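Only a predicted model underlies this, so the values are computations on that prediction, with no experimental measurement involved. Here is the naming used below: chain letters follow the sequence lines, and residue numbers restart at 1 for every chain. In what follows, every heavy atom counts, from backbone to side chain, and hydrogens, waters and symmetry copies are set aside.
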Number of protein chains: 2
Amino acid sequence: MDDRDVLYRRVAADLREAVAGGVYGSDGRLPAESALAEHYGVSRGTIRQALALLRAGGVVTSRRGTRRVVLGAAPAQSFAELLSFTTWARSIGEEPGGVLESLTVRPADEEELTRLRLRPGTQVYAALRLRTLSGRPVMIERTAYPSRVGRIVAALPADTVSYTERLLGHGIVFADAEHTIDLAFADPDDARLLGCPEGAALLRERRRTTDPAGRPVEWSEDRYLPGTVAFTVHNSIATSTLSRLRSAAQQPGQ
Amino acid sequence: MDDRDVLYRRVAADLREAVAGGVYGSDGRLPAESALAEHYGVSRGTIRQALALLRAGGVVTSRRGTRRVVLGAAPAQSFAELLSFTTWARSIGEEPGGVLESLTVRPADEEELTRLRLRPGTQVYAALRLRTLSGRPVMIERTAYPSRVGRIVAALPADTVSYTERLLGHGIVFADAEHTIDLAFADPDDARLLGCPEGAALLRERRRTTDPAGRPVEWSEDRYLPGTVAFTVHNSIATSTLSRLRSAAQQPGQ
DNA sequence: GAGTGGTCTAGACCACGGT
DNA sequence: CCGTGGTCTAGACCACTCT
């Protein structure tokens, strides 16, 4: 684990465990920063870095004048777990599956050009995959990859379960993601693959992922059957990463 | 603005403007931390605090060895804008409206007890409101308030548009929120108020908000008509506040 | 008034990316 | 190799909460 090689992450992991283990009780108060610094034998700055992580995750509050208060255990997954359907499935004890329906190389459409920051006319690798949990259809994944990434995807065996893990092995790193969550209605492909009526409502997540250098790595539209997943976000007055947008989703009936 | 009374927030706001103004170009590189420190006449630590804000918002990347790269302008709203339907509506140039359908005081149900951290048998104030944008129905809001907050809500005039703003005036501060986003299907109340068929799919946001001391302030379930809103979240490998959960949503048809 | 977290500084060393 | 951001330290002062 990456959590093990840096001081403040070790401290954060330890504190997270202590909170989850009920050491401070739900609703309880954490020791003062100075006390924690002494306990771990590190400086106050390092303790503050650790606590910033817990705070961002909604584990504790913090305000001037009083000790931090436990908000609750963190349900938040690691970034990799969130991006990878496969890793997530395993973490909840289900058997992930993926069936590649089609993989085509074609000129990027308007949306893809913008999201992947490509010059007009550039080609993308477009994959359509059905994802399953223990055999049951759960999600349809439409992903566009820039050719740098798509070439690797195209070379993978047809029965590859996790593209994300494979891409990681090829040095493609996922560093940042921007998600948009709303509703969509099943088109003929969705209906056929998911086994739902055409026009049925699906939970849609559109996502652009970039690498550490800021280059887009994928642009994906995932559509989940109702009742299979929910998304949770924590935010605070200090840092808000969540927004409400006016949507332009198509209406039902087609 | 609160952004004006602290050094690193001033710097962050200035940098955010510069990025939005295209000073560094999309895809461009920011000056080095040391250069920024000198330019603003502050220490490197302060610059790093400012940049941490931009990073959390998805404005810039950062990695060891190279300068930060501009990812894009930040669409993220302030925390208050996100929590308040009213403030959000105004920010997109629409006229917000709210019709209070009912406000009852009753014992909390199982879910409310947990979410608001109340002792069994405690009463809550439960409000059902129809929210409109320029007269058009958009969302149904079912909110449970602990009595400390509910008493204030109950005293508000029936035509109050923004509860959030009023509560703020009474010293109730919203500091942290946990959101869960998924699908729900219109019950008879939803259908009647929103003017959609019973069983129609709606985008659901459930939210627990706490004050700076960590005490729950509200527990709300909001249901949006399709095509009216979408939620966007940014996250990164450094701090992930987004999770995918197994959902237990009810199925359509009831 | 005592204790706490928030802000800011100055300096050090290291890991990494590019040349 | 140099320049960069990441980590860590030590210390200072302030704003705030609580009793």
> Just checking Arg48(A): base, sugar-phosphate only, or nothing, at a heavy-atom cut-off of under 4.0 Å?
Replying inline: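 Result for Arg48(A) = base.
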>> Using OP1 and OP2 only, check whether a side-chain N or O of Arg64(A) sits under 4.0 Å from dT4(C).
In response: no
> Are any side-chain N or O atoms of Ser243(B) and backbone N or O atoms of Gln77(A), one a donor and one an acceptor, separated by less than 3.5 Å?
Replying inline: yes
> Do side-chain atoms of Glu17(B) reach the backbone of Asp14(B) as a donor and acceptor pair under 3.5 angstrom?
Replying inline: no
>> On DNA chain D, does the nearest nucleotide to Leu30(B) precede the nearest nucleotide to Ala213(B) from the 5' side, or the other way round? Give the residue.
In response: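 Its nearest nucleotide lies further toward 5', so the answer is Leu30(B).
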>> Please compare Thr66(A) and Gly45(A) by the position of their nearest nucleotide in DNA chain D and report the one closer to 5'.
In response: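 Going by which nucleotide is closer to the 5' end, it is Gly45(A).
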> Between which nucleotides of DNA chain D, 5' to 3', does chain B make heavy-atom contacts below 4.0 Å?
Replying inline: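 So the outermost contacting nucleotides come out as dG3(D) to dT7(D).
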> When the distance from CZ of Arg63(B) to C1' of dA15(C) is rounded to whole Å, what number comes out?
Replying inline: 13 Å
> Hey, is Arg90(B) close enough to Glu165(B) for a salt bridge, meaning N to O under 4.0 Å?
Replying inline: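 Salt bridge present between Arg90(B) and Glu165(B).
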> Do Arg208(A) and Glu178(A) meet the salt-bridge criterion of a basic N to acidic O distance under 4.0 Å?
Replying inline: no
>> Angle between the end axes of the helix from dG1(C)-dC18(D) to dG18(C)-dC1(D), five pairs per end, to the nearest 10 degrees?
In response: 20°
>> Can you see whether Asn235(A) engages Thr241(A) through a side-chain donor-acceptor pair at a distance of less than 3.5 angstrom?
In response: no
> Have Thr86(B) and Arg131(B) got a donor and an acceptor in their side chains that come within less than 3.5 Å?
Replying inline: yes
